[in-house]
Number of protein chains: 2
Amino acid sequence: MNLSSKGDYATRVLLELSMNQWPHALSVHQLADRTGISPKYLEQIMLRLRAADVVRSRRGVQGGYELARGPDQLTVGEVVRLMDGPLAPSPCASRSAHVPCPLYRCPTEESCVLRGLWLEVRDAISGVLDRTTFAELAERQRAARAQARLMYCI
Amino acid sequence: MNLSSKGDYATRVLLELSMNQWPHALSVHQLADRTGISPKYLEQIMLRLRAADVVRSRRGVQGGYELARGPDQLTVGEVVRLMDGPLAPSPCASRSAHVPCPLYRCPTEESCVLRGLWLEVRDAISGVLDRTTFAELAERQRAARAQARLMYCI
DNA sequence: CTAATCCCTATCAGTTAGCTAGGGATTATC
DNA sequence: GATAATCCCTAGCTAACTGATAGGGATTAG
């Protein structure tokens, strides 16, 4: 049930972009510095995010990436699906990319209790990721930082 | 977020064992026939389930595997963790096998909002899998089969 | 013009997934 | 006590995937 490093890194970078006043571009170099991700690897991730219209780019000096929409219009679920595929633990339980079970002894999908369970899991994951936007995450991060600053001053 | 085939197959086989009156042993051969899984591959899965005290075995003619406890004492969560590792999408959010984040630019764990989100996901998955026992699944399957039989008779 | 940046594709080493194979140990049955 | 069915254990193998690294072209602000 592990997230890949691509999904992990993409969410980190998008949170970083969401923390800035939108729209405001950051270069791959800057993003890599802030997150500790290998720049060339991050570049590929950004290209995929751009192809999916999650971010948009400006080339040349002073170029970089910025969110293609407001962070309140971007959910973590969308990003994770983009980088890691469907949320469901089994292809037969995916709503976005359904693939039937290959085992010939599997019961019909409607009557398969395991598929029913994987659907429950899928819905549970989606319940968290599809309702969490990057605006929400950025808000939480600001709150956490304010909290930390407070702790430090006392 | 995909389940491996080991996790998939293990749950299928354990559901099969749970459908029988416990305790009642089935051989790998029988289990493979009923599920359509490759017998030699299934053998390895059964060995792991045995090492974890989920099933117990009898060797020799008329031997086989049976549940080591009643199906009401075995959750899907335990089995999935056994075959596929922690439920959490990120090692830093695992409660059963916590591993800190390797990125040096990651904030402290307490303040990391992404970790907070992965914890939410972990809890959502665990909420489904740790409360579902194989007794429950077997019950559902019996109900589904009764339903199907009814449909057929009409 | 130049340096910074995005864009694109190829490559590559290591790991993992999903099996397959073979042979030893045990045991019910005849 | 021979036989056949079964579990037990370890090794190996191929294809795909992961997580990068590399290099060079296109674009653009200054």
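Values in this document were obtained by computation on a predicted structure and should not be read as measured data.
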Salt bridge or not between B/E16 and B/R12? Use side-chain N to carboxylate O under 4.0 Å. no

Treating A/Q73 as the side-chain partner and A/G70 as the backbone partner, does any N or O pair qualify as donor plus acceptor under 3.5 Å? no

Determine yes or no for a side-chain-to-main-chain donor-acceptor pair under 3.5 angstrom, with A/D84 supplying the side chain and A/L3 the backbone. no

Rounded interatomic separation in angstrom, taking [atom1] from [X] and [atom2] from [N]:
X	N	atom1	atom2	value
B/R59	D/dT6	CZ	C1'	9 Å
A/H29	C/dA4	NE2	C1'	10 Å
A/D33	C/dT5	CG	P	11 Å
B/L42	C/dG18	CG	P	14 Å
B/M46	D/dC8	CE	P	9 Å
A/L47	C/dA10	CG	P	14 Å
B/R48	D/dC7	CZ	C1'	18 Å
B/D8	C/dC19	CG	C1'	15 Å

Can you check whether [X] has a side-chain N or O nearer than 4.0 Å to OP1 or OP2 of [N]?
X	N	answer
B/R58	C/dT26	no
A/S4	D/dC17	no
A/R50	C/dC6	no
B/S27	D/dA5	no
A/Y9	D/dT18	no
A/Y41	D/dA22	no

Heavy-atom closest pair (B/L67 atom, B/S18 atom, distance to 0.1 Å) is CD1-OG, 3.6 Å

Distance-minimising heavy-atom pair for A/N2 and B/P89: OD1-O, 2.7 Å

Base of [N], side chain of [X] - is there a donor-acceptor contact under 3.5 Å?
X	N	result
B/K40	C/dG18	no
A/Q62	D/dT27	no
A/E43	C/dC7	yes

Taking the side chain of [X] as heavy atoms from C-beta outward, which of [options] is closest to it?
X	options	value
B/S5	C/dC6, D/dA20, C/dC19	C/dC19
B/V61	D/dA4, C/dC6, C/dG24	D/dA4
A/S38	C/dT27, D/dT21, D/dA26	D/dT21

Which sits closer to the 5' end of DNA chain D, A/G60 or A/L3, going by the nucleotide each is nearest to? A/L3

First encountered from the 5' end of DNA chain D, between B/Q44 and A/K6: B/Q44

For atom NE2 of A/H98, decide whether the heavy atoms of other residues, nucleotides or ligands shown that lie under 6.0 angstrom number more than 12. yes

